[in-house]
Amino acid sequence: MAHLVTLIPGDGIGPEVADATRRVLEVTGVEFRWDVQEAGAAVMDREGTPLPNRVLESIRHSRTALKGPITTPVGTGFRSVNVALRHELDLFASVRPSRTLPGVPTRHPPLDLVVVRENTEDLYAGIEFERGSEAAGRLRQELRRLGGYEVAEDAGVTVKPISVTGTRRIVTFAFDYALRNSRRRVTVGHKANIMKFSDGVFLRTAGAEATAYPDVEFEAVQVDELAMRLAWEPETLDVLLLPNLYGDILSDLCAGLVGGLGLAAGANLGWEYAVFEPVHGSAPDIAGRGVADPVAMVSSAAMMLRHLSERQAADAVEGAVAEVLIEGEHLTPDLGGAASTDEMSRALARAVRTERRAPGVPA
Ligand code: ATP
């Protein structure tokens, strides 16, 4: 039976890497019914919002989406589409694997780590008070009354809520993930010595929940020390469990450790819905030039195939990525080659080997 999947090409390089990904998926033999939904800058003028309700409705119906990057229009007052999607669909877990790929030079021994990032709380909760606004003034007064806190009159304020409930589900998710994927250790990054009541909740809840998983080692590290370890000896790390903001920063760092943003895949998961998307943004500097690296989006699609229980096809797509990288003949400029997105995606499609390959598709 065909899988119904919402496809959001996105903007910038999004449509280019989305087309490339469809080409690769088509030869796996897995059938899809794509519900293509435009979102982002392209629909702003027509529909007055970068994230029309029809996009959310489509995902609520299909339950699975493959998404390209979407730029948040600057200065329009719109919230980031990516953040809004995660909130609306309660996609509380972001999973970003960073594995050394064959043929891609890195500075470290082979790496295989995964960032599990809490996606809904923390400084990303969207609770903000604009500098000079009436609300910011009232907040200052209230803070003075509550605890004698003096916030500068010309300060903007962002609030950092971290709850036991929100942390518990991401901790459980991370440990279940570790068990399912034969991982040895979960390392929590925090700054609980400074942010006692937000990171403190994260750290203590993680420690308490970890006791239910005696087969997975639990380690807590201050996030600044974790950054140092990632630069110095990243091979000592396995699953990183992080609150929202640290997760955002360190997952880009991890992408850099294994060859850059053009290769890094990701998934946003909740109890009900799953949205698969590359870690990179819309890369306006190279958009429309046909040189974007399609691997991040293709690898995100491989994660989606696994989620849809299409393991064989997922293996075939990942195998194709490895083969094209090793062969080194059809690489985009970010990987030191001169191939276009189109040429690299054709090479990837040719390299997909599966018994279930669509009949009549030339090798
Ligand atoms: P955003 O704010 O949406 O994250 P950004 O421009 O700050 O966007 P990215 O779009 O993630 O950040 O990318 C940063 C740079 O990395 C890009 O400008 C581009 O040069 C490079 N890059 C990102 N993705 C790719 C890709 N798929 N192929 C090649 N280069 C890429």
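The structure displayed is predicted, hence computed values, not measured ones. For ligands, and for the atoms within them, numbers begin at 1 and follow the listed sequence.
- Within a 4.0 Å radius of atom 21 (C) of ligand 1, the protein has no heavy atom.
- Between I13, V291, D334, it is I13 that holds the heavy atom closest to atom 25 (C) of ligand 1.
- With a heavy-atom cut-off of 4.0 Å, V17 does not touch ligand 1 at all.
- In summary, the side chains of E121 and S163 do present a donor paired with an acceptor at a separation below 3.5 Å, with no hydrogens or angles considered.
- The residues D112 and R99 are annotated as salt-bridged, a charged nitrogen and a carboxylate oxygen being separated by less than 4.0 angstrom.
- Salt bridge annotation for E128-K160: absent, with no cationic side-chain nitrogen under 4.0 angstrom from a carboxylate oxygen.
- Using the six-membered ring where Trp is involved, F32 and H3 have ring planes that are tilted, between 30° and 60° apart.
- Atoms of ligand 1 found under 4.0 Å from any heavy atom of A292, numbered from 1 in the order shown, are 28 (N).
- Of all atoms in ligand 1, listed by their number and element, those nearer than 4.0 Å to a heavy atom of S282 are 3 (O), 10 (O).
- For L261, the heavy-atom gap to ligand 1 drops under 4.0 angstrom.
- Below 4.0 Å from some heavy atom of G262 lie the following atoms of ligand 1, by number and element: 26 (C), 27 (N).
- Contacts of D285 with ligand 1, taken as heavy-atom pairs under 4.0 Å, involve the side chain alone.
- For atom 17 (C) of ligand 1, a protein heavy-atom neighbour is found at a distance under 4.0 Å.
- Every atom of ligand 1 with a heavy atom of P284 under 4.0 Å away is listed here by number and element: 6 (O).
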